[in-house]
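When reading the values below, keep in mind they use all heavy atoms of this one structure, side chains included, and skip hydrogens, waters and symmetry mates.
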Amino acid sequence: MSILINNAINSKLRSIAAAALAVGALVSVPAQAKELAVVKPTEIFAAYQVICLANPGDLDAQIAAAKAAPYNFTLAETSEDGSQRFDNPRMFAAMRKDAKNHFCMVGGRLAEGTSIDAASAAGASVLDKKGARVAATGEMVMWSDIKVKPTTIYMYTQTVRGPIIVGSFLTGISQEQ
């Protein structure tokens, strides 16, 4: 019985993670990444806390926080699926909310050689309190408390394209109960 429950839980987390990574692909290495200033993972996490974590599930509040000082993000793109990407000279943010899922992400360009362990550590003390680490790969660290509804995942993703490293913190919420 516990195997069936674990498989159902893992399937739900995989579904949310796959959707979150799809949103992440939209902005993982934005075209303007070459022009973005190099920031520290702590700067990305600080913006993520203000924009995403402080406004869970509230897309309007997340957009307002992104547009407000000190971040002053401006809308750069709206995709066909409703994902919105915001930029400022230092970082980017992306959000989407639909009937099934809600995502909020903040990312930026990191210094060459930044390891995923060092970068994800910028948010680990906060995210470890929100849920257990349920996955870690060379490109992603994921936290979730599967007992809490709606199902929420917290992720740090890192993409390397040549000398450009982009790190992003992301929250994904399943609207389905």
Side-chain angles (χ1 to χ4, degrees), residues 6-33 36 38-53 56-57 62 66 79 81 83-86 90-98 100-148 150-176:
N6 285 338
N7 285 342
I9 290 168
N10 288 336
S11 174
K12 181 127 178 129
L13 285 175
R14 278 193 304 270
S15 172
I16 296 169
L21 288 172
V23 171
L26 169 75
V27 293
S28 62
V29 183
Q32 81 286 5
L36 286 176
V38 172
V39 296
K40 295 179 180 174
T42 52
E43 292 177 80
I44 296 169
F45 189 74
Y48 169 74
Q49 282 187 288
V50 169
I51 296 166
C52 301
L53 292 182
Q62 290 170 341
S79 298
D81 68 359
S83 299
Q84 298 177 67
R85 184 174 54 85
F86 298 83
R90 300 184 56 74
M91 294 179 279
F92 60 88
M95 297 150 211
R96 181 181 83 206
K97 187 171 186 175
D98 59 29
K100 290 185 178 183
N101 299 297
H102 176 199
F103 301 100
C104 182
M105 167 194 278
V106 176
R109 183 176 178 181
L110 301 174
E112 284 187 54
T114 302
S115 74
I116 190 165
D117 292 334
S120 65
S125 64
V126 172
L127 299 177
D128 283 343
K129 293 175 186 170
K130 294 194 170 290
R133 290 183 195 209
V134 293
T137 68
E139 297 177 347
M140 173 266 300
V141 178
M142 182 170 63
W143 296 260
S144 185
D145 184 347
I146 56 176
K147 297 173 189 159
V148 175
T151 304
T152 303
I153 61 166
Y154 306 92
M155 296 176 73
Y156 172 76
T157 63
Q158 188 162 303
T159 305
V160 179
R161 296 285 187 266
I164 298 174
I165 299 175
V166 174
S168 306
F169 284 95
L170 177 141
T171 301
I173 302 171
S174 172
Q175 306 288 71
E176 300 173 309

Has S174 got a side-chain atom pairing as donor or acceptor with G172's backbone, closer than 3.5 angstrom?
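Checked: no pair found.
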
Keeping the roles fixed (side chain from T137, backbone from E139), state whether a donor-acceptor pair exists under 3.5 Å.
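Yes, because the side chain of T137 sits within donor-acceptor range (under 3.5 Å) of the backbone of E139.
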
Rounded to the nearest 0.5 Å, what separation is found between the [atom1] atom of [X] and the [atom2] atom of [Y]?
X    : Y    : atom1 : atom2 : value
S120 : M155 : OG    : CE    : 11.5 Å
T157 : I116 : OG1   : CD1   : 7.5 Å
C104 : I173 : SG    : CD1   : 9.0 Å
C52  : M95  : SG    : CE    : 5.5 Å
R96  : N101 : CZ    : CG    : 6.5 Å

Tell me which donor-acceptor pairs under 3.5 Å the side chains of residues 125-133 have, and how far apart each pair is, sequence neighbours excluded?
from: D128; atom 1: OD1; to: R133; atom 2: NE; distance (Å): 3.1
from: D128; atom 1: OD1; to: W143; atom 2: NE1; distance (Å): 2.6

Partners of A121 by side chain to side chain contact (heavy atoms under 4.5 Å, CB included), sequence neighbours excluded?
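Counting only residues at least two positions away or on another chain, A121 forms no side chain to side chain contact (heavy atoms under 4.5 Å, CB included).
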
Can you list the residues that meet the side chain to side chain contact (heavy atoms under 4.5 Å, CB included) rule with A118, with sequence neighbours excluded?
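If we apply the side chain to side chain contact (heavy atoms under 4.5 Å, CB included) test to A118, skipping adjacent residues, the hits are S115.
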
Can you tell me which residue pairs pass the salt bridge (charged side-chain N to carboxylate O under 4.0 Å, His left out) test with a partner in residues 162-171, sequence neighbours excluded?
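Residue pairs with at least one partner in residues 162-171: there are none.
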
Out of V106, I44, V166, which one pairs with F92 under the side-chain contact (heavy atoms from CB on, under 4.5 Å) rule?
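Answer after filtering V106, I44, V166: V166.
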
How would you list, by chain and number, every residue that makes a side-chain hydrogen bond (donor to acceptor under 3.5 Å, both in side chains) with Y156, sequence neighbours excluded?
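For Y156 the side-chain hydrogen bond (donor to acceptor under 3.5 Å, both in side chains) partners, ignoring immediate neighbours, are Q158.
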
Over all atoms of both residues, closest heavy-atom pair of [X] and [Y]:
X    : Y    : answer
S168 : M105 : CB-CG, 3.9 Å
A122 : F169 : CB-CZ, 4.3 Å
M91  : G107 : CB-O, 3.1 Å
S144 : T151 : OG-CG2, 4.5 Å

Audit row: D145, Y154, side-chain contact (heavy atoms from CB on, under 4.5 Å) steps and yes/no
CA-CA 10 Å; D145 184 347; Y154 306 92; over 6 Å; no

Please say which of H102, Q84, K97 ends up in a side-chain hydrogen bond (donor to acceptor under 3.5 Å, both in side chains) with Q62.
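It is H102, the one option of H102, Q84, K97 that forms the side-chain hydrogen bond (donor to acceptor under 3.5 Å, both in side chains) with Q62.
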
Selection residues 40-49 - residue pairs positive for side chain to side chain donor-acceptor pair (under 3.5 Å), sequence neighbours left out:
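The answer is E43-R90, Y48-T171.
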
